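The next block holds one structure in the form of structure tokens; read it before the comments.
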There are 4 protein chains.
Amino acid sequence: MKKIAVLTSGGDAPGMNAAIRAVVRGAISYKLQVMGVFRGYQGLIDDDLHDMTSKSVSNIIHQGGTILKTARCKEFPTKEGRKKAFYNLRKHDIDGLVVIGGNGTFTGAKLLGEEFNFPVIGIPGTIDNDLYGTDFTIGFDTALNTVVDAVDKIRDTATAHNRLFFVEVMGRHAGFLALHSAIASGSEAVFTPEVDGDMERLYDFLRNKFKKAKSSSIVIVAEGTKEGNAITISQKVTEDFPEYDTRVSILGHIQRGGSPSPFDRVLASELGVAAVRALIAGKKAVMMGLESNKLVEVPFDDAIFKKKDLDPRMVGLVGVLSI
Amino acid sequence: MKKIAVLTSGGDAPGMNAAIRAVVRGAISYKLQVMGVFRGYQGLIDDDLHDMTSKSVSNIIHQGGTILKTARCKEFPTKEGRKKAFYNLRKHDIDGLVVIGGNGTFTGAKLLGEEFNFPVIGIPGTIDNDLYGTDFTIGFDTALNTVVDAVDKIRDTATAHNRLFFVEVMGRHAGFLALHSAIASGSEAVFTPEVDGDMERLYDFLRNKFKKAKSSSIVIVAEGTKEGNAITISQKVTEDFPEYDTRVSILGHIQRGGSPSPFDRVLASELGVAAVRALIAGKKAVMMGLESNKLVEVPFDDAIFKKKDLDPRMVGLVGVLSI
Amino acid sequence: MKKIAVLTSGGDAPGMNAAIRAVVRGAISYKLQVMGVFRGYQGLIDDDLHDMTSKSVSNIIHQGGTILKTARCKEFPTKEGRKKAFYNLRKHDIDGLVVIGGNGTFTGAKLLGEEFNFPVIGIPGTIDNDLYGTDFTIGFDTALNTVVDAVDKIRDTATAHNRLFFVEVMGRHAGFLALHSAIASGSEAVFTPEVDGDMERLYDFLRNKFKKAKSSSIVIVAEGTKEGNAITISQKVTEDFPEYDTRVSILGHIQRGGSPSPFDRVLASELGVAAVRALIAGKKAVMMGLESNKLVEVPFDDAIFKKKDLDPRMVGLVGVLSI
Amino acid sequence: MKKIAVLTSGGDAPGMNAAIRAVVRGAISYKLQVMGVFRGYQGLIDDDLHDMTSKSVSNIIHQGGTILKTARCKEFPTKEGRKKAFYNLRKHDIDGLVVIGGNGTFTGAKLLGEEFNFPVIGIPGTIDNDLYGTDFTIGFDTALNTVVDAVDKIRDTATAHNRLFFVEVMGRHAGFLALHSAIASGSEAVFTPEVDGDMERLYDFLRNKFKKAKSSSIVIVAEGTKEGNAITISQKVTEDFPEYDTRVSILGHIQRGGSPSPFDRVLASELGVAAVRALIAGKKAVMMGLESNKLVEVPFDDAIFKKKDLDPRMVGLVGVLSI
């Protein structure tokens with residue numbers, strides 16, 4: 001192993017820059033050369049590769065977004081596209097690749113690795129925290145901070161009676177962000193894609209607990225819940241409980257940005273250096289993860305196809321704590 | 001003047017607590033007694049008044065919301081209601097009243113003062129900054145911080161091409177928050193209730209400037225703009241410019257909360273003490289304001305009925321700076 | 001088990017309120033009565049106990065400090081003092097106690113439990129993260145955020161050449177906060193109480209790496225390092241390397257305050273409910289911890305007397321990433 | 001006027017980037033060419049000038065520091081140095097210069113302008129807010145936010161009795177930052193370079209008011225106060241009042257960094273565009289300022305030599321509000 005490359009792909013996640021920095025400086029500290037691929041797999045196909053030095057990643061650890069940018073790529077899912085990508089990797093004498101992203105990123109990485117027997121290591125970078133095999137993905141903690149900071153502000157204003165706030169957060173298929181932000185913000189109810197009966201629990205809360213003590217309540221809604229989005233759920237509640245005054249906030253892409261939290265930066269630093277070590281050790285087709293506070297290598301097949309469940313301990317906490 | 005009372009009314013604004021604290025401690029330092037009225041005019045009618053000491057307002061300067069709470073009151077707009085309120089003021093030997101809020105708050109204050117020849121002083125507390133006679137209202141700067149912080153995060157993620165973010169901010173009748181946040185966040189366009197032609201300017205931007213340099217653009221939309229809200233505007237743009245990928249964030253009540261900014265705290269501290277001084281000096285039916293960096297007394301009639309316009313200097317800046 | 005009590009003791013840590021809330025609401029959800037002890041062990045001796053309801057802990061999850069306050073107590077370390085404390089616990093028919101704090105707190109709890117065969121459960125609340133048996137203590141993540149936020153700001157200003165910033169952080173006996181903040185902020189060197197040779201490594205850095213690429217550098221110093229504090233270290237460096245312009249920041253008690261991070265709130269919520277469950281299950285003399293992402297019960301003897309070491313994986317990262 | 005240049009000089013202030021952006025885009029919108037000078041006057045002497053486009057200043061409005069960097073320059077105070085600078089300005093056909101900085105920056109600008117009859121416009125960029133003729137300097141509001149955020153955190157921890165926190169803030173010759181942060185943070189006392197009797201007032205507070213109501217108190221100390229710095233003042237207090245437990249925080253360069261506040265960004269945007277307009281209008285040797293909410297042109301001689309005083313209204317507020 002003499003030369004490696006690194007790219008980011010898929011949706012932005014805060015901490016991607018910290019991971020790029022760790023891969024680049026980790027590589028340099030192990031005497032490897034390292035190139036950065038711009039615009040993800042599209043850049044690999046277009047030969048948008050550039051030499052990276054220690055200085056290239058100076059002063060980026062705290063920046064949101066990704067200096068390597070990401071882009072959608074229609075060509076990479078085709079064998080023809082991956083062939084071009086491999087050709088460019090070879091052209092630059094690159095022996096190994098680190099990809100930072102989520103499920104789709106690893107699917108592409110798996111195919112490239114298998115077809116050309118090329119070592120690719122993945123680093124989990126997504127605010128959804130929905131990758132099997134790692135307790136945390138890079139960006140989740142920062143997105144959680146952003147959501148909870150927003151909900152804290154809403155709570156300040158919650159001095160009026162009978163007011164019900166719905167806050168829609170990201171999560172098309174995964175409710176980690178919704179669930180953890182509900183616990184951390186002391187919200188009264190939560191809707192996630194994974195759990196059934198969220199509407200019933202909310203109605204039960206409104207009928208029984210709400211009037212007793214609370215001046216106002218907050219409900220977190222993952223965008224991908226079966227019951228609809230924050231607007232449709234709030235409309236239904238307004239019909240059934242006309243005595244409540246409902247308000248909606250939709251956070252949107254705010255959740256993908258912001259300076260990464262220290263937690264995400266440390267995680268990204270660890271995983272970035274570990275990915276370089278894994279390449280040197282001859283590993284391939286694995287995602288680096290942190291499980292039970294230990295660095296682990298998760299086969300792409302597991303990371304991609306296995307389902308990571310919400311922790312039932314956490315699911316139960318929302319009800320206990322909104323008593 | 002031996003004893004005064006203070007209340008907050010209308011929508012929450014960050015800094016109301018700092019103003020309450022300044023009124024209470026200002027009163028004490030001038031050897032006055034002071035009572036706090038809970039839940040605004042409703043509390044005045046319900047005799048929900050309580051003695052305030054220096055300690056009552058300890059450690060609240062940095063808190064969002066209002067410790068005195070606010071509430072809607074259907075009775076106060078009636079003469080009967082105001083009579084009850086006046087009765088309670090007299091009952092507690094209160095010689096003067098300070099009300100913290102916006103337009104509706106001052107309208108009630110004006111009537112109470114006129115009907116019972118009772119001295120009432122207003123303090124402008126609203127995130128909308130739409131009160132005539134003062135350059136700034138308490139809460140505006142904090143709300144501006146909240147909006148701009150959100151837009152900064154969106155910009156982090158704006159590495160993809162042809163993406164257009166719409167961010168809806170508060171402002172049913174006033175565009176100060178939208179306009180100032182557009183300038184401060186470096187947004188490419190803004191929709192306000194006051195200015196015509198916002199849609200044309202956006203289309204002009206999309207047709208001419210957008211493609212040149214920008215990887216993505218942000219548009220701030222005040223909720224009360226004539227062209228619709230952020231969702232309807234984004235839908236119209238998607239129809240007319242299908243090549244753009246549009247996303248919407250609706251900030252909602254987040255903008256009313258949060259720890260007040262130092263600017264708002266200093267403003268609230270100044271105005272709170274000045275309101276006490278005004279009562280002692282025998283003033284009535286005026287709002288304390290800060291104009292051209294000087295403390296001023298604005299007759300309620302001006303504060304309520306005159307229209308504060310957007311500064312044309314500011315309106316022009318958005319176009320100049322998004323070149 | 002019908003009635004329990006909860007107290008906070010020792011130095012403040014952000015998230016203590018979230019833990020109190022979880023104990024109170026956890027107890028209520030298991031049909032237990034619960035009292036709050038004000039001012040730690042001193043309040044136990046002075047009979048400063050008060051009934052807690054769900055509403056007593058409403059709207060505190062996001063607040064720094066502790067609503068139960070803490071205090072130094074000279075009497076509790078004496079058997080006589082603990083006797084009074086036990087007497088008050090019995091007087092109120094309390095069957096179990098939850099104490100939130102650090103090493104000193106648990107030492108007191110252990111003695112009380114042993115002498116009177118009284119069940120006490122500990123919850124780790126300290127920014128130092130220095131308790132054996134738990135991967136994280138409540139408050140550590142928030143303090144880390146505070147330190148890293150400060151260092152990020154210093155880095156903004158680091159455009160001048162040959163400037164060396166020393167930032168002193170808390171940690172008399174433990175370097176977790178210093179080490180993790182050095183990694184997360186991309187600092188160039190770190191001084192901890194645990195590791196030898198920090199001065200040599202700094203000098204090596206200054207002699208060899210500094211001049212190459214960096215315009216300025218940041219050094220994190222734990223207050224309890226053997227080499228002195230930030231001021232004395234910076235003075236020594238100034239003597240030996242007069243070409244550097246050195247600056248010192250001492251963060252102090254800022255690190256103990258602030259709204260707790262979502263991470264700390266979730267941790268506190270989990271541990272608080274778990275502590276109640278442990279009491280119900282008949283446990284005693286254990287600290288609840290989170291190890292390898294699992295809830296664990298750590299005997300007080302281990303939590304108090306065993307030494308938690310810095311992770312060598314982390315210690316190595318600082319050097320690798322400042323290359 | 002066909003081509004202008006812009007530079008930043010002196011200590012960093014948040015918002016300098018927003019001002020650079022406004023000068024560059026303002027120039028472009030008026031059909032002028034514009035160059036950026038790196039490293040202040042040193043870069044002018046070294047011919048470190050570069051063409052700036054709209055894109056050069058894209059995505060910098062929210063960044064701390066200055067993309068043009070600053071540097072000390074020993075040569076520019078000499079006539080020989082300024083001759084080289086002027087030579088380079090002419091070489092690039094530059095007709096006017098905008099300098100962003102403080103007192104020292106304008107002193108250099110004044111000399112350059114007078115000696116070579118060259119139009120130079122100043123923009124006030126310093127966290128000290130100590131420039132005569134403008135109500136606010138760029139960076140002051142952000143630094144104030146940073147200080148107050150720190151003090152808020154300290155107050156969280158102030159549950160123990162008899163504790164006295166000293167927080168040292170920047171300000172060698174000016175107490176604006178100390179005074180405004182004392183008001184905004186609700187601090188109990190303040191030391192500034194301008195006002196006499198600060199020690200007496202503190203002692204009076206400690207003797208009379210402190211014990212009544214307060215559990216702990218905070219004192220803000222400007223670094224340039226006559227009574228010493230935070231450490232020496234705290235030591236003196238400890239000697240005279242051994243019953244108090246004193247703690248010191250020294251914020252240091254944290255105050256110069258951070259993302260500029262919206263207030264500072266709007267101010268910088270206004271002044272940047274105004275500076276371009278002033279050059280076009282044939283103005284020279286003036287600093288653009290904002291006084292009484294109006295754009296004003298302040299002769300360099302006034303900005304440099306006249307003393308801006310603390311507002312007595314503000315000085316009085318600290319005592320009134322810590323009652």
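As the structure is a prediction and not an experimental result, all values here were calculated from the model.
Of all the heavy atoms in C:Gly186 and A:Ile61, the pair that sits closest is N-CD1, 4.0 Å. Considering all non-hydrogen atoms of both residues, C:Asn145 and A:Pro262 come closest at OD1-CD, 3.0 Å. Between C:Ser269 and A:Leu321 the shortest heavy-atom distance is CB-CD1, 3.5 Å. Across every non-hydrogen atom of C:Leu295 and A:Arg313, the tightest pair is CD1-CD, 3.5 Å. A:Ser322 approaches C:Arg25 most closely through the heavy-atom pair CA-NH1, 4.1 Å. A pairwise comparison of heavy atoms in C:Val266 and A:Met314 identifies CG1-CE, 3.8 Å as the closest pair.
Proximity to chain A (any heavy atom under 4.5 Å) is shown, for C:Leu267, by neither the backbone nor the side chain. Neither the backbone nor the side chain of A:Thr53 comes within contact range of chain C; no heavy atoms are under 4.5 Å apart. Of the two parts of A:Ile60, neither the backbone nor the side chain holds a non-hydrogen atom closer than 4.5 Å to a non-hydrogen atom of chain C.
Judged by distance alone, with hydrogens and angles left aside, the side-chain atoms of A:Ser29 form no donor-acceptor pair with the main-chain N or O of C:Val320 at under 3.5 Å.
The most heavy-atom pairs under 4.5 Å with chain C, out of A:Leu144, A:Asp311, A:Asp152, come from A:Asp152. Per-residue heavy-atom pair counts under 4.5 Å with chain A were compared for C:Arg265, C:Glu291, C:Lys294, and the maximum is reached by C:Arg265. Your options are C:Val24, C:Asn59, C:Val57, C:Asp141, and the one with the most heavy-atom pairs under 4.5 Å with chain A is C:Asn59.
Going from atom CZ of A:Phe136 over to atom CG of C:Asn293 covers 5.5 Å, rounded to the nearest 0.5 Å.
Side-chain contact check for A:Glu270 versus C:Leu317: some heavy-atom pair is nearer than 4.5 Å. Side-chain contact check for C:His62 versus A:Val151: every heavy-atom pair is 4.5 Å or farther apart.
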